[in-house]
Structures are given as C-alpha cells and as structure tokens.
Amino acid sequence: MAVISLLSDFGQLYPAQMKAVILCINPSTVLVDISHQIPAQDIKAGAFALMVSVPYFPEGAVHLAVVDPGVGTSRRPIVVESGAHLFVGPDNGLLIPAARRLSQDFKVREITNPDLLLTSSSTFHGRDIFAPTAARLSLGMTAAEVGAEIVDFVELDFGTPQVIDGKVQGQVVYVDSFGNLVTNISSEVILNFFKCGDVLHICGTSMPLVDTYASVEKGAPLAVVGSHGYLEISVNSGSAARLLRLESGDGIEIGGR
Amino acid sequence: MAVISLLSDFGQLYPAQMKAVILCINPSTVLVDISHQIPAQDIKAGAFALMVSVPYFPEGAVHLAVVDPGVGTSRRPIVVESGAHLFVGPDNGLLIPAARRLSQDFKVREITNPDLLLTSSSTFHGRDIFAPTAARLSLGMTAAEVGAEIVDFVELDFGTPQVIDGKVQGQVVYVDSFGNLVTNISSEVILNFFKCGDVLHICGTSMPLVDTYASVEKGAPLAVVGSHGYLEISVNSGSAARLLRLESGDGIEIGGR
Amino acid sequence: MAVISLLSDFGQLYPAQMKAVILCINPSTVLVDISHQIPAQDIKAGAFALMVSVPYFPEGAVHLAVVDPGVGTSRRPIVVESGAHLFVGPDNGLLIPAARRLSQDFKVREITNPDLLLTSSSTFHGRDIFAPTAARLSLGMTAAEVGAEIVDFVELDFGTPQVIDGKVQGQVVYVDSFGNLVTNISSEVILNFFKCGDVLHICGTSMPLVDTYASVEKGAPLAVVGSHGYLEISVNSGSAARLLRLESGDGIEIGGR
C-alpha cells in the first residue's frame, strides 16, 4: 500500500477534495495529514513542518505539499525525488528543505507531461495538478514521466545561525500548538557553546538548557533540543510564544552566563 | 474498498465515535473527513461544503453528513441516492444541494428499517443511526432497504442571485479558512455581466475580477471565480472576511465601472 | 486490519510523526484520530475523551494516548490490557478511566522491553516509544512481551458526585466544541433525583432536564443526559460554557424546584 502525506495551509474542506481525487486514481492509498493548519501563505513554516516530518515516513512515500500563494501564475509545478521519497508541489521552495534533509543528492523536475496538466482551475492546483500527479506516482508512474529535470528551482533555507561576541543569533522558524518556539539553531550548534544545565539569556529572559519540559517549575521558561533536533524555547505547561511575545520569523539572540 | 466521507459541526471527539462504529461494521472502509469544523448548527454552510466536495469522490462513495440541531425531535433520518453516490443524514436540507449537484434525478428515502433504529440516544444520531446506516450501505445494503421514498423532504438552496439596475445581488454562503468569501453567484451569472480584468464595486470596495490570487498586490482585494465555480471575494495573502467585515449569510451587491 | 486510535494534546504536526512511525512498522494499520486538540497538559480532559470513545471501537483496537507533561522524567511508559483492547501511553492516569470503563479487570504493565526503548528523544515518547509499541502490539506482540505487571500505577478518576441537602454536587470534566459542559454526574445519579421535565437550578440559572437540545427555544439553557451517559449542560444552538462562564474543573451544584 502506498502512503501519501498531505501538508497545506488549506484548513478544512479543500484537503478533502485532494484526497477524493487521489482515491479516484488509487483507491488503496493510505493518506496521512501532516498539517493543514500551516499559517496562510507561510511557505517557510510549511517547509519546516515538512522537513521535520518526512524522515519518519516509510520508503516509497509520496509527499503532497501545497502552500502556494503564486498558484495560477508562471510559478512552476514540480516533483522532487530524494532518497526513496517523492515530493509534489509548487516551485517556491516549500519542498526543498525536506528533500535536502533526506538526501543532498535530490533531483527536481518540472511537471510538463500534458496528461497531468489537462484540467485545471487557476486557483487550486493542489486538487487539479498536484493530487493527480501524487496519485499516479503512488501507482508507479516514474518521476521521469512527469517532465525534465530543472536546476533553477527556487531555493529556501532557514538561515544559518551566526555566532557574534559569544552570542548565538538565529531565528524562530515554527511555533507549534503548545506555543513552543522552534528555532533554526541545530543541536550541533547550540551544544558547541552550551551544555545541559547552563543558564541561557534569550531575549531578556533567563532560562536553563534542559533535557525535558518538566525539568523546571510549571510556568517557567526553558530551552531544550526538541524532538526535531533544533533548539526550542518552551514554558513548562505554558506558552513561550505568549511569554516572550515572539513569533515565526523573529530573530533571537542567545547568550550564556 | 468503500469510501465514506464525513462532514459535521462536531469539532473533535464525536467524529471518532462515528468512525469507530463504522469500522466495527465494515473494517475495510476508507474514511475521508470533509470537515468537522462547520460552524455549529449552520446547515447552509454544511450543505455548501458538502456540495462542492462530493463531485470529486469516486463512484460508490457514501457521504455521512451531520449538522443536526433538530436531533431527537420529529426530524426524519434520511438516505439520498444521487448518481452513483449515497448520502446519509438528517432531513433538514443539509444533503439536498450536494445530491442535486450530482444529478437532478435524485431520490430521498426515510430511514424506517427497525434494524437501523434499534439503539439510539436522543442526542447523537450521527453515531447511533447515521454511522451504522452508512457502514451497511458501504457493505452493499441497498437504499431501498432503509425505507420508502419520501417527496416532502426539506429543501435548501443558496438563493438565486438577482440582477437589479445592472447590479448583481447575491450572498455570502461560505467563509473558508483563508477568509475568502464564497458567494452564491455562479461563474455563468458573473461572466454574463463582467469579464476578466473588469473592476467591480462590491460593498464599497473596488477590486478587479481576475484569474489568480496573485494577480493583485499583497493585501489588495480581488474577485475570482473560485475552484468551486462560484464568485469568491479574496485578499491576496490576506482575509477578505476581515477587510470587508462580511460573514456567511450577508448580502452583497456587485456593480461595474 | 488492525485499528489504532490516537489521542493527544499535540495539535498539528506531531501526530503525523507518530502515524508515520506506525506505518513503517505495520503498513496496514487503520488509524483513527480521537482528538489532538485536548487542552495542553490537561490529563483529565484527555482521560475523559478517551473513556467515552473507546467503547465504540472494534475488539482488538490499540489506543495510543499521549497527554504527557512528565515526558522524559521518571514517569513510566505503560501498556494497559482491558477487555479485548490495549492502551499505550504514559503512567499519569490518562489511560485508566478508559480501561476501567471497558472492564474492571484490567492489567497495567510497564514498558521495559529494551527493544521498545532503543531510540528515544527525551521530549517525544509519543513518537519514539509509544507509537512503535502500539504498532507492534497491532502486529500481534503480546502485552506480556512489553514488560511486567505493575500495581502502583497512577490512578485518575473524575470525582464522585455528592448529594448534600438534596442538591447534587459535581464538576465539569469536559467542554466540547459546541460549548456543552459535560459533568461527572452519571445518568444513574441524576435520574435518581430528577426526572425528564423537571426544572433544575444550576449555578444560578434555571433550566429543564430534557431529552433533546431542541426541546427548548434557541438560546435557552437545558440539561440533558448526553450521548456519553453523563449530565451535560447545554444551550440550544449556543454555548453553555459562554452563558454560564464555566470551564473544565469547575464545581457545579444542582438543585430542583
């Protein structure tokens, strides 16, 4: 059975149309929602959510991701092959960090096969182009059949943390539903400067670098390497986004004692 | 494998009870959520969401829809046959626009088969009557087995847009999670009066009729025939519901230059 | 096909990682979300949601539930066997009311099998311990293989309603997405004192005990034995949580004429 994951900023209703289209083509697909609550048009948040999720999917999975403010423009539809996974979505950077996470050696193709572009609205390529393409890939259509390789695809990364005067500078790339602030600072970077138990000064607030949320009192802030491998600023049984008044895209600076 | 779609205003928790009941009866059902976030008791919004979704489902699909403020009253439980699809839910109009979209020649039956009415709470027919009925239909029970045809079912439509003094008058029938205002004005009606590129005056705001959301600057309003075939008022990368302060049920008037 | 239900306070994103891990181990699992919107760290609300849902699932179902503020601490991971169902999650009381609902004769085991504890973050046991355990149980691993029985597991109940001076005292244990206030007062308790049609005085508001939400006018409050078997305070087409300004955990007192 083929697994197709779905990620979008669609909220309700539109994801079901994509799923229905997929099931018409491949009735035995297993459909797994990653999220349809990506903040509207926030390509970066979508790319991060996709990147931290795909490594857990089985080989052969097809990932259909649509955060697509440029739908209907000259923005190209693409398929990306990486490791044993396939990605389908818009050429706006959304798919690239996830593909790169699976393998540095990924390949991007523009969807030009006219069979895949037959019937399309100008406002919902998720349903009209990406879903049928994903379904046919799940049935064994090869990536080469969708179109030729392109090398000028749109790149996206989450920035490289800087170290200036012994302070680590990064940014918030994702706020989860607990209000945890997930940063672009990987465990390698942070553990190069600080160790578990150190007190960090982040945006005017002091907090320990710990292993678990429950290492501090309820309501107290903490820093932790999250399950995704990135530094996360949290509040035990609370919301760091609310306490620190930070959101996705905000810069943060981390100093030690 | 049989597909059963689910739509409700239940939010969390109660949909899982319906799915569990279905899987007890037909373990190989493929369950697809259309939405469980229909505004509470908003039969019209639910009917619209169902209508625009069902055409994408495979033949043989069973659609279980429950927005049911009259549960436990004399409101009848019904099954509707239309095209190769079946619908199960309350007789309050919820199912009718979707059934009519698939075929003008649809048939409504009251669920009177005592086997389907055996064990029921008075507050959750979704779980106790509609889910088992949907599951048994997905296993091959015929619509005729649920009960006799009725012709006095509750109707529901979204109103007919009027044209007065060259202005098109309609209403908002659905607000999606982007804040797009979906109207009851079909592409046929609007394209009879206006063409792509025209500037429309809608509720005190001027906006172009365009093909894609990205045809205007970020934050600017636009009118577009949405992927569902109805005129939609949107804001590129923003919320038209917030900008125009309109919600489901509000009337709108559209004038040209 | 094995059914695995999932319940958590994770919101978006993290549930997909658990599902992906499960599908890597058992690709033919049928996954059913009970809710991922349990209020953050609210073990009691999660326990109630699980308890009222599991009786509808087919025999052999595995229930994976994670509301886990103590993740990464000495809090034990457990598996519970009850009736023909299995539960996987943290030893913090979350699983106990559901297990007890299925059978008084349930058995709790600590997960100590080193194969199940191999690779774990300290912040996401849902993905790293509980999901693989649930998947392997769904493939036929016996509960005995996960570890030895324990008897000092963490208990949780919803309190016992008291009757003082002819008034029933209980508490709100769950607020659903309609704003219905679900209490810990079972139908047996309430129907011992009151009958359908009686007027109840609850927290300064009078309302009838009725059978259906539509028994009162729109906007009016009512008391009803909900589909879960507990007294529920509701407003027809409105929100009792808003009208009575009550939330989960609040005490309520019910008097008669």
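The structure displayed is predicted, hence computed values, not measured ones. Labels below follow one simple rule: chain letters A, B, ... track the order of the sequence lines, proteins then strands, and each chain is numbered from 1.
- Atom CD of B:Glu155 has more than 12 heavy atoms from other residues, nucleotides or ligands within 6.0 Å.
- Taking non-hydrogen atoms and a 4.5 Å limit, the residue list of residues 24-53 of chain B in contact with chain C, ordered by number, reads B:Cys24, B:Pro27, B:Ser28, B:Ala40, B:Gln41.
- The candidate from C:Ser227, C:Ala214, C:Ser177 with the greatest count of non-hydrogen atom pairs under 4.5 Å with chain B is C:Ser227.
- Interface residue C:Phe57: backbone and side-chain heavy atoms are both found under 4.5 Å from chain B.
- At a 4.5 Å heavy-atom cutoff, B:Arg75 makes no contact with chain C through either its backbone or its side chain.
- The line from OH of C:Tyr213 to CG of B:Asp68 is 10.5 Å long, rounded to the nearest 0.5 Å.
- Looking at B:Thr123 and C:Val224, their side chains come closer than 4.5 Å, going by heavy atoms from C-beta outward.
- Comparing B:Asp9, B:Thr73, B:Val21 by how many heavy-atom pairs each has under 4.5 Å with chain C, the most go to B:Asp9.
- Only the side chain of B:Tyr14 comes within contact range of chain C, with at least one heavy atom under 4.5 Å from a heavy atom of that chain.
- The salt bridge (charged side-chain N to carboxylate O under 4.0 Å, His left out) search around B:Glu81 returns B:Arg109, not counting sequence neighbours.
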